[in-house]
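Notes for the one structure printed next.
What you see is a predicted model, and the numbers here were worked out from it, not measured in a lab. All chains are named by letter (A, B, ...) in the order of the sequence lines, taking the proteins before the strands, and each is independently numbered beginning at 1.
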There are 2 protein chains.
Amino acid sequence: MNPGQIRDVSALVRSLGPLTRGQRVFSQNTPFSSCYFVKTGAVKTVTVSERGDERILGFYLPGDVFGLSSMNRRSYSCSAIALEHTSICELPFRQLEQLARSIPELQHHLFDLMSREIANAENISMLLSSNTAEERVIALLLNVSEHHRQRKLSPLQFRLPMSRSDMGSFLGLAVETVSRILGSLHKQGLINITGRTVVLLQPARLSQRLAVDPDAPATKGDDFCWSPGHSHTVAGVSGMPAANTSGTAR
Amino acid sequence: MNPGQIRDVSALVRSLGPLTRGQRVFSQNTPFSSCYFVKTGAVKTVTVSERGDERILGFYLPGDVFGLSSMNRRSYSCSAIALEHTSICELPFRQLEQLARSIPELQHHLFDLMSREIANAENISMLLSSNTAEERVIALLLNVSEHHRQRKLSPLQFRLPMSRSDMGSFLGLAVETVSRILGSLHKQGLINITGRTVVLLQPARLSQRLAVDPDAPATKGDDFCWSPGHSHTVAGVSGMPAANTSGTAR
DNA sequence: CGATTGCTTGACGTGCGTCAAGAGCGGTGG
DNA sequence: CCACCGCTCTTGACGCACGTCAAGCAATCG
């Protein structure tokens with residue numbers, strides 16, 4: 001894009017002041033207007049069913065865009081809630097769409113963003129549809145890790161912005177299960193975890209758990225590698241590691 | 001769109017002759033070029049993990065568009081396979097994108113399509129993340145039903161285009177479980193099922209199973225709102241009923 | 001026609017949800 | 001400073017839903 005175009009786009013963007021934990025960016029069933037870009041902090045998107053229980057659709061870390069899934073509707077299909085001290089940019093979608101007509105690069109970029117969201121959501125589906133609890137938790141950890149790597153932050157040591165309960169809701173697991181899995185990974189020496197602070201001690205092993213058929217489950221001390229996993233993250237946290245689909249295996 | 005524009009778009013579309021069961025529209029890891037529109041028949045999208053097991057990402061019925069999730073990549077992230085005698089249209093994406101620059105309606109339509117795909121995939125995630133096997137199967141049945149309703153076909157009696165095994169793979173269930181659930185629904189008089197032919201005998205009851213907390217033994221106002229024509233199916237079968245998230249309940 | 005594939009049904013084992021009871025930890029107020 | 005609260009997180013005991021294994025028909029096919 002040329003400077004003029006960049007100015008045009010920038011003119012649309014509004015920076016939203018620091019949000020505090022629990023504060024909402026938008027609420028389910030309120031009129032759709034914008035999507036949002038995370039500058040710092042973290043956001044979760046949540047839907048509440050008529051039954052009253054809530055489900056977390058995704059976590060968004062710095063660099064991620066959220067709110068796109070609602071653009072074909074009048075109102076948001078989920079709420080977005082800050083997980084911690086967070087600052088974001090507002091992107092008024094209709095105006096962005098309008099502007100995209102004259103800026104091909106912008107149009108392409110929007111397509112690209114949405115396409116990533118689709119691929120990402122599909123990966124999550126795959127992860128959920130038949131992986132063990134351990135695999136899901138590991139996938140989440142590796143995903144946050146990958147996100148940090150992309151942001152040039154330490155991929156091996158970081159703080160999880162979300163609670164155990166959030167993780168559970170996102171991964172389709174009970175809080176207790178999440179807690180047990182993390183504890184178990186800790187005992188096995190694969191990670192360190194204190195509260196929300198994580199250290200990945202053996203990232204290669206963790207990746208293996210995702211990619212390798214767990215015939216020999218967790219024999220402590222086996223050393224052979226499979227293949228140093230790559231092709232990992234797709235987009236944001238919401239971009240889960242290529243949901244390696246444990247398939248029918250268990 | 002005016003006649004000229006419609007002609008421009010039509011010029012891009014290529015009709016692909018009848019495919020037979022098992023035939024591929026495109027294959028995972030081959031270069032991305034187009035997305036596709038289902039005219040008649042049915043298509044499934046499938047990814048194969050490095051481990052070799054396959055997972056079904058979605059089913060696409062007449063009127064649905066598939067292949068969008070790969071547009072931000074060089075190659076397709078999944079394979080698309082005909083489930084039965086099927087005819088489709090090819091939509092070369094790059095050219096479509098190009099054309100969209102001069103036809104705002106087209107651009108908007110593309111955004112709309114992609115947004116639906118996102119919402120749809122999110123719904124599937126929600127469905128998978130914590131619903132019982134029965135709820136998942138019912139959701140699939142109701143979804144196909146809804147699709148038929150929209151196509152002005154009988155929503156109460158239809159043929160499932162996919163095998164039990166496909167259903168299982170899609171829903172994250174073992175084939176046996178799918179079979180058992182269908183059998184159980186049959187015994188309860190909620191559906192008739194012979195092979196792949198389904199009759200929904202008590203659609204209202206089926207919907208209830210999805211939305212109502214199974215504490216109370218049914219028999220509340222049988223007729224059900226879902227806001228007709230809203231939020232129900234999003235796109236094709238892949239548009240699952242607003243995955244009512246049984247939440248922590250079980 | 002055997003052979004392959006799809007579907008069903010039974011028996012059995014287990015992963016993980018549920019219930020219940022603490023254990024930190026931070027915040028608030030006296 | 002401690003007492004008290006409301007959280008989040010952990011840990012154990014128990015049971016059920018669903019995966020796995022296995023066997024047996026029906027339908028399609030080469």
Side-chain angles (χ1 to χ4, degrees), chain A residues 20-22 44 53 55-56 83-84 127-138 159-169 171-187 191-198 209 213-215 217-218 245-250, chain B residues 20-22 44 53-56 81 83-85 127-138 159-187 191-198 209 213-215 245-250:
Chain A
T20 64
R21 175 178 158 68
K44 65 177 174 184
D53 39 48
R55 207 118 277 287
I56 291 184
L83 286 169
E84 55 189 16
L127 184 72
L128 295 179
S129 71
S130 90
N131 288 59
T132 63
E134 188 182 270
E135 287 167 327
R136 299 186 200 184
V137 171
I138 290 177
R159 258 184 79 80
L160 296 169
M162 74 293 278
S163 69
R164 302 287 192 272
S165 146
D166 284 339
M167 296 175 68
S169 170
L171 297 173
L173 299 173
V175 198
E176 296 93 325
T177 303
V178 174
S179 182
R180 268 188 266 266
I181 300 280
L182 289 173
S184 143
L185 293 175
H186 193 172
K187 274 197 200 120
I191 66 173
N192 262 341
I193 185 158
T194 346
R196 298 187 183 180
T197 304
V198 187
R209 296 276 174 106
D213 206 321
D215 279 338
T245 94
S246 81
T248 320
R250 205 181 240 200
Chain B
T20 64
R21 175 178 158 68
K44 65 177 174 184
D53 40 46
E54 76 173 40
R55 206 121 276 287
I56 292 184
I81 301 174
L83 285 170
E84 55 190 16
H85 211 65
L127 184 71
L128 295 178
S129 71
S130 89
N131 289 60
T132 64
E134 188 181 271
E135 287 168 327
R136 300 186 200 184
V137 172
I138 290 178
R159 258 184 79 81
L160 295 170
M162 74 293 280
S163 68
R164 302 287 192 272
S165 145
D166 284 339
M167 294 175 68
S169 171
F170 176 63
L171 297 174
L173 299 173
V175 198
E176 296 92 326
T177 303
V178 174
S179 183
R180 268 186 266 266
I181 300 280
L182 289 173
S184 144
L185 293 176
H186 193 170
K187 272 196 199 121
I191 66 173
N192 262 341
I193 185 158
T194 345
R196 298 188 182 180
T197 303
V198 188
R209 295 275 174 110
D213 207 320
D215 286 337
T245 96
S246 82
T248 321
R250 205 181 235 198

query: What is the distance from atom CD1 of B/Ile81 to atom CE of B/Met162, rounded to the nearest 0.5 Å?
result: 13.5 Å

task: List in chain and number order the residues that pass side-chain hydrogen bond (donor to acceptor under 3.5 Å, both in side chains) with B/Thr20, two or more places apart in sequence or in another chain; answer none if no residue qualifies.
output: B/Gln23

field: Heavy-atom pair of closest approach, residues A/Met167 and A/Leu160
entry: SD-CD1, 4.1 Å

statement: Heavy-atom contacts, protein to nucleotides 5-13 of chain D, under 4.0 Å, summarised as B (base), S (sugar-phosphate only) or - (none) per nt, yield ---SSBBBB

query: Rounded to the Å, how far apart are B/Leu185 CG and C/dC7 P?
result: 16 Å

- request: For A/Glu134 and A/Arg209, work out which heavy atoms get closest and say how close.
  value: OE2-NH1, 2.8 Å

- prompt: Atom CD of B/Glu134 and atom C1' of D/dC16: how far apart are they, to the nearest Å?
  reply: 15 Å

field: side-chain hydrogen bond (donor to acceptor under 3.5 Å, both in side chains) partners for A/His186, two or more places apart
entry: A/Asn192

Separation of D/dA17 C1' from B/Ile181 CD1 (nearest whole Å): 9 Å

field: Those residues that, when tested against A/Ser184, pass side-chain hydrogen bond (donor to acceptor under 3.5 Å, both in side chains) (two or more places apart)
entry: A/Gln188

query: Choosing from D/dC18, C/dG17, D/dG19, which nucleotide comes nearest the side chain of B/Ala174?
result: D/dG19

- line: So the salt bridge (charged side-chain N to carboxylate O under 4.0 Å, His left out) pairs with at least one residue in residues 161-175 of chain B (sequence neighbours excluded) are B/Lys44-B/Asp166

- prompt: Bend across the helix from C/dC1-D/dG30 to C/dG30-D/dC1, to 10°, with axes taken over 5 pairs at each end?
  reply: 40°

Whole-Å gap separating P (D/dA17) and CZ (B/Arg136): 14 Å

Tell me which donor-acceptor pairs under 3.5 Å the side chains of residues 168-181 of chain B have, and how far apart each pair is, sequence neighbours excluded?
residue  : atom : partner : partner atom : Å
B/Ser169 : OG   : B/Ile56 : N            : 3.0

query: Checking all strands, does A/Gly172 fall into the base, sugar-phosphate, or nothing category for heavy-atom contacts under 4.0 angstrom?
result: sugar-phosphate

